[in-house]
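Encoded as structure tokens, the structure appears first; notes follow it.
Labels below follow one simple rule: chain letters A, B, ... track the order of the sequence lines, proteins then strands, and each chain is numbered from 1.
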Protein chains: 8
Amino acid sequence: MDPKVSIIMGSTSDLPVMEAAAKFLNEMQIPFEMNALSAHRTPEEVEKFAQNAHSRGIRVIIAAAGMAAHLPGVIAAMTTVPVIGVPIKASLDGLDALLAIVQMPPGIPVATVGINGAQNAAILAAEILALSDVGLHQKMLQFKEDLKKKIVKANEELKAIKYDYKV
Amino acid sequence: MDPKVSIIMGSTSDLPVMEAAAKFLNEMQIPFEMNALSAHRTPEEVEKFAQNAHSRGIRVIIAAAGMAAHLPGVIAAMTTVPVIGVPIKASLDGLDALLAIVQMPPGIPVATVGINGAQNAAILAAEILALSDVGLHQKMLQFKEDLKKKIVKANEELKAIKYDYKV
Amino acid sequence: MDPKVSIIMGSTSDLPVMEAAAKFLNEMQIPFEMNALSAHRTPEEVEKFAQNAHSRGIRVIIAAAGMAAHLPGVIAAMTTVPVIGVPIKASLDGLDALLAIVQMPPGIPVATVGINGAQNAAILAAEILALSDVGLHQKMLQFKEDLKKKIVKANEELKAIKYDYKV
Amino acid sequence: MDPKVSIIMGSTSDLPVMEAAAKFLNEMQIPFEMNALSAHRTPEEVEKFAQNAHSRGIRVIIAAAGMAAHLPGVIAAMTTVPVIGVPIKASLDGLDALLAIVQMPPGIPVATVGINGAQNAAILAAEILALSDVGLHQKMLQFKEDLKKKIVKANEELKAIKYDYKV
Amino acid sequence: MDPKVSIIMGSTSDLPVMEAAAKFLNEMQIPFEMNALSAHRTPEEVEKFAQNAHSRGIRVIIAAAGMAAHLPGVIAAMTTVPVIGVPIKASLDGLDALLAIVQMPPGIPVATVGINGAQNAAILAAEILALSDVGLHQKMLQFKEDLKKKIVKANEELKAIKYDYKV
Amino acid sequence: MDPKVSIIMGSTSDLPVMEAAAKFLNEMQIPFEMNALSAHRTPEEVEKFAQNAHSRGIRVIIAAAGMAAHLPGVIAAMTTVPVIGVPIKASLDGLDALLAIVQMPPGIPVATVGINGAQNAAILAAEILALSDVGLHQKMLQFKEDLKKKIVKANEELKAIKYDYKV
Amino acid sequence: MDPKVSIIMGSTSDLPVMEAAAKFLNEMQIPFEMNALSAHRTPEEVEKFAQNAHSRGIRVIIAAAGMAAHLPGVIAAMTTVPVIGVPIKASLDGLDALLAIVQMPPGIPVATVGINGAQNAAILAAEILALSDVGLHQKMLQFKEDLKKKIVKANEELKAIKYDYKV
Amino acid sequence: MDPKVSIIMGSTSDLPVMEAAAKFLNEMQIPFEMNALSAHRTPEEVEKFAQNAHSRGIRVIIAAAGMAAHLPGVIAAMTTVPVIGVPIKASLDGLDALLAIVQMPPGIPVATVGINGAQNAAILAAEILALSDVGLHQKMLQFKEDLKKKIVKANEELKAIKYDYKV
């Protein structure tokens with residue numbers, strides 16, 4: 001079983017945030033890998049990774065980084081595989097990481113999700129893979145359907161609250 | 001007793017903030033309802049809600065949302081009933097939710113209150129209803145009067161503080 | 001014909017922005033007035049205005065202000081008539097005025113619209129008045145319907161654009 | 001020839017920015033369509049569009065919006081087709097649109113690119129389509145290669161600049 | 001002994017911050033008073049206070065407020081007595097209060113100090129009073145001198161830290 | 001005639017903003033001086049200036065600076081004469097200068113006015129001087145009175161605008 | 001004559017800003033080179049450049065970049081030669097570039113100067129080179145001395161301004 | 001052994017952040033000193049320090065400051081020794097200190113590192129010293145090499161995590 005999604009982070013301090021991505025991919029039975037790479041500390045490893053990703057069968061890369069977050073953009077520059085960037089909240093409420101990931105110059109896009117949005121990154125990866133995988137597409141339709149159940153449950157909780165003038 | 005105000009939120013995680021709205025409406029004896037709806041998860045429910053709100057007798061809608069807060073604007077787009085938006089602080093100190101609610105494009109206003117301003121949303125709803133409800137108008141005049149009492153109490157506390165050169 | 005909406009601004013420099021509010025109210029045949037008041041320069045006039053607004057038949061107040069924008073909040077403090085605040089862009093891209101209007105303390109809400117959102121303020125005022133005016137309600141339903149026409153026109157323009165691979 | 005990418009915008013005022021996306025798709029010979037839709041003005045059209053997109057063969061949606069930018073998120077909520085969001089600079093330097101698009105709640109990702117990043121959105125769309133289109137993959141590899149030429153040209157210009165102490 | 005400085009706040013929740021102002025005035029033996037006033041809840045009291053301040057012998061007013069902080073500006077509008085504004089950190093890290101106090105329109109200045117800068121407000125008040133009070137001027141010169149002692153103490157602490165290569 | 005107010009700036013590029021301060025002081029017949037000083041380029045001159053200011057009869061210092069604006073704070077550190085800081089808009093909309101002036105550490109206040117608020121700085125200076133100058137106090141009362149006239153004029157302009165439904 | 005400073009930029013659009021750096025180095029007779037490199041478009045060239053810089057005699061690297069500015073950090077990661085980063089104002093007033101350059105993770109510093117601060121970058125480079133170059137050190141002392149002349153000139157201009165009450 | 005690096009801070013409250021700089025210098029066996037100085041409280045000491053730094057053998061100055069952080073810029077103005085500024089997070093998430101340090105006016109650069117970036121400041125200092133110290137240059141090359149080990153360790157931790165679909 002070859003991995004189709006590669007989750008990349010620069011340090012294990014990002015792991016508590018990023019495991020939400022791993023869990024979602026696992027739930028959707030999408031084979032994935034997790035790697036530590038750093039745009040700054042292991043640039044050659046990043047280059048090797050990016051240049052081999054497509055031929056290894058990687059179809060989506062999820063790259064997380066905080067502060068002056070360069071990893072997603074640097075990887076995106078070296079591959080045609082779509083790169084999803086996850087800004088990690090480490091300082092300035094994550095605004096620095098968000099801007100350092102999303103404001104890429106012309107020619108090198110990074111598909112950016114919200115601050116600490118690891119699960120959303122995995123959902124986006126699944127949506128991309130589902131374009132050519134009918135079974136996964138069905139699962140994603142089911143997932144979208146299941147999202148509504150939280151609302152049903154929320155409504156039940158709201159109904160349980162009593163006030164004299166609440167109807 | 002039909003509800004006149006509808007408090008909408010996307011998740012019960014907003015409840016600790018939004019119950020201040022429920023309490024104020026209850027105190028003012030304004031019949032209200034509470035619903036969970038999501039612009040993203042249950043768009044058809046949102047549409048049904050918005051399109052029936054006026055005919056069901058709803059006169060003000062209070063909609064709370066955090067992050068990329070779309071719910072108040074999406075509801076406002078589908079009804080002529082005034083929509084009051086409450087930005088919930090969930091990330092970036094609530095600034096993302098504030099901008100995503102208040103900066104509506106031309107044609108679709110949302111009456112935005114401050115970040116986590118649930119009680120103020122309910123007061124604003126009451127002011128709107130009081131325009132055609134003399135009894136409620138009296139209550140609101142009384143409420144405004146009562147606000148001053150906090151100042152009286154604050155003054156008493158400040159007087160109780162002793163310094164050699166405090167007069 | 002008594003005015004039902006009062007448009008307030010602190011200086012005629014706000015007029016180029018605020019005339020969009022006047023035009024909308026005029027189009028909807030809602031009687032309105034325009035006044036210059038300043039929370040800082042004419043506080044007694046503000047007080048007199050706010051305290052008489054309801055008995056004079058004013059049902060919605062639209063108050064515009066820029067920079068450290070105090071006018072909407074100060075008026076809101078002195079009346080039960082709903083106050084809609086319009087942050088005027090005069091410095092810091094209007095962010096100062098937005099925060100100075102929307103972040104009101106508990107007890108005194110201001111229904112804030114977007115930066116320079118004069119037309120939206122007038123639409124919101126019309127929505128509030130339409131709650132007890134069937135004719136205006138019909139007009140507002142029509143207005144909402146008409147908003148779609150811009151989209152139809154936009155679609156026509158987009159269709160007129162030719163590219164080899166545009167379908 | 002059925003369109004594979006759908007470029008959506010809420011108003012033709014976004015066209016000067018968004019035509020960079022159309023040009024890139026055209027250059028890459030990717031069949032695409034352009035539509036005007038508004039999360040606020042034509043919610044039913046948005047819903048119809050989003051629910052039929054996949055069965056019509058649309059594989060990527062590029063949605064542009066400014067201010068309290070709801071369109072990308074609302075579409076993303078209704079389809080499993082990946083949605084790329086383009087924040088349009090209309091106020092607050094585009095920061096409001098950026099936050100209103102990227103900070104999506106859990107479950108509904110939008111692949112956000114930089115402010116006014118229309119071309120990057122099209123490149124990202126091409127990268128996604130290239131995952132299952134060998135010919136397009138070749139073109140994208142070539143495109144990445146061509147990006148370097150700007151640097152070569154820049155170097156020539158820099159060499160042409162003369163200073164006494166410039167080597 | 002008539003008060004020369006008046007410390008004003010809108011709620012006793014500001015007291016933990018503002019007592020640093022009281023302590024400094026007390027230390028400098030400057031007679032002062034503390035009052036609770038609210039631009040929104042007790043506008044007439046604010047007016048009465050502001051208009052009588054000068055004739056009562058008040059020479060500096062220190063006004064604290066958080067969020068959409070209107071109190072300092074509203075008082076400054078009604079008196080020629082210098083008003084020092086203290087932005088209180090209650091939301092958005094205090095940035096809303098800072099902008100709502102400092103960005104006053106032309107004609108009505110507020111002498112703004114830093115967020116939660118209560119002691120600095122009192123020092124500024126003392127500097128103003130010292131202009132016509134030789135004894136206080138001497139004390140302020142001494143206070144400035146004493147500020148250096150913290151540096152001396154800090155140097156001692158830094159010297160006590162040992163590293164092999166610390167000289 | 002000895003100067004009572006000293007207007008300080010770091011460069012003549014600040015002059016177009018700061019002349020509003022000079023004009024107001026001149027109008028109020030307050031003797032003043034204008035000097036160029038730089039916290040960075042002429043630190044010894046700044047020190048000499050600050051240490052002699054009080055004995056030369058200077059009673060208020062108005063210091064303008066942009067970007068990483070150090071001048072007001074550095075002067076304030078070296079004198080007991082009140083220092084009014086004017087943040088000049090040179091980059092980042094003036095937010096950098098505002099924060100670099102207003103957020104002074106404990107012990108050294110700067111009385112900060114709004115971005116480019118030169119006239120307000122002069123008014124604040126006049127208010128401080130008026131505490132011990134009955135004639136100036138009268139002029140300031142008159143100035144406050146005159147501010148209302150702009151509102152009267154604005155009202156006349158607003159009345160001159162005709163709409164069918166404007167009352 | 002081998003270059004000691006290397007000025008790097010990603011595009012000739014940065015040249016109008018960066019030529020201030022070239023001019024200063026030229027004036028100081030410091031041999032320098034100018035190169036176009038891109039962290040995204042020519043990563044291998046960046047790597048080659050960074051790894052050879054020290055052995056080629058480069059002692060300071062000045063790297064400019066806008067938006068999600070990765071170039072300075074990526075170079076800094078691959079060399080022990082000090083890297084000075086210049087954030088270029090291209091969007092969001094340059095705040096995105098500033099944060100993407102200055103907020104580097106632990107281990108890889110970039111010596112960041114202000115937005116568009118090209119000349120300051122060159123001055124900083126000269127200060128570093130002057131540590132081991134007595135002649136350059138003398139020039140830098142002279143440069144610091146010359147900075148004061150602007151103040152003298154500014155003072156002359158301020159003296160030339162006449163007001164009745166200006167002393 | 002004379003110190004080559006001087007670590008300066010305004011208060012011992014900055015010590016918990018700044019000791020990371022001391023530890024790194026110590027590890028690299030670079031002789032350093034630590035001093036408390038304040039741009040505001042001990043300006044003459046700052047002046048004396050800055051003017052003697054070069055002749056005392058100081059080759060790099062690391063200056064930390066929070067809020068309206070003037071210390072690094074004021075020192076940089078008085079010496080040709082390179083000054084590295086460390087913005088300390090004390091209010092507004094450190095954004096005030098960052099802007100007050102990095103946005104220096106033309107002529108006086110401060111080499112700014114990230115918020116609380118004490119270790120990075122020391123690394124930068126070591127890089128500068130290594131330009132004329134072959135032994136230190138070797139150590140810095142080794143340090144850069146060692147940074148990669150964290151990535152190796154992170155990869156081991158990531159491999160130890162088991163999911164059914166993790167490859």
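Between atom CE of residue C:Met140 and atom OG1 of residue B:Thr79 there is a gap of 10.0 Å, rounded to the nearest 0.5 Å. Between C:Lys139 atom NZ and C:Gln29 atom CD the span is 4.0 Å, to the nearest 0.5 Å. B:Asp14 contributes atom CG, which lies 9.5 Å from atom CG of B:Leu71 (distance to the nearest 0.5 angstrom). Annotation: the span from B:Thr112 atom OG1 to B:Asn120 atom CG amounts to 12.5 Å, rounded to 0.5 Å.
Summarising the local packing, NZ of C:Lys150 is surrounded by 12 or fewer heavy atoms from other residues, nucleotides or ligands at distances under 6.0 Å.
Proximity to chain C (any heavy atom under 4.5 Å) is shown, for B:Ile84, by neither the backbone nor the side chain. Using a 4.5 Å cut-off between heavy atoms, B:Pro87 makes no contact with chain C at all. Contact of B:Leu129 with chain C is not made at all, since no heavy-atom distance falls under 4.5 Å. When heavy atoms are compared at a cutoff of 4.5 Å, B:Ile101 does not approach chain C at all. Contacts between B:Val113 and chain C at a heavy-atom distance below 4.5 Å involve backbone atoms as well as side-chain atoms. Using a 4.5 Å cut-off between heavy atoms, B:Ala77 touches chain C through its backbone atoms (N, CA, C, O) alone. Residue B:Phe24 does not touch chain C at all, counting heavy-atom pairs closer than 4.5 Å. Proximity to chain C (any heavy atom under 4.5 Å) is shown, for B:Ala126, by neither the backbone nor the side chain.
Here the side chains of C:Ile88 and C:Met18 are in contact, with some heavy-atom distance below 4.5 Å. A 4.5 Å side-chain heavy-atom check between C:Leu131 and B:Leu131 finds every atom pair outside the cut-off.
The salt bridge (charged side-chain N to carboxylate O under 4.0 Å, His left out) search around B:Lys159 returns none, not counting sequence neighbours.
Side chain of C:Asp93 to backbone of C:Leu95: no donor-acceptor contact under 3.5 angstrom is found. The closest donor-acceptor contact from the side chain of C:Asn116 to the backbone of C:Lys89 lies under 3.5 Å.
Exactly one residue among C:Lys149, C:Lys144, C:Lys148 makes a side chain to side chain donor-acceptor pair (under 3.5 Å) with C:Asp146. That residue is C:Lys149.
Note on C:Val81, C:Leu141, C:Leu124: by heavy-atom pairs under 4.5 Å with chain B, the leading option is C:Leu124. In terms of heavy-atom pairs under 4.5 angstrom with chain B, the leader among C:Ser132, C:Pro106, C:Gly85 is C:Pro106. Most heavy-atom pairs under 4.5 Å with chain C: of the set B:Ile108, B:Thr80, B:Val102, this distinction falls to B:Thr80. Contact tally against chain B (heavy-atom pairs below 4.5 Å) for C:Gly114, C:Pro109, C:Ala20: the top residue is C:Pro109. Of the listed residues (B:Val110, B:Leu147, B:Ile128), the one with the most heavy-atom contacts under 4.5 Å to chain C is B:Ile128.
Between the side chains of C:Lys23 and C:Gln119, no donor-acceptor pair is found at a separation under 3.5 Å.
Residues of residues 31-64 of chain C lying under 4.5 angstrom from chain B, judged on non-hydrogen atoms, are C:His54, C:Arg59 by number.
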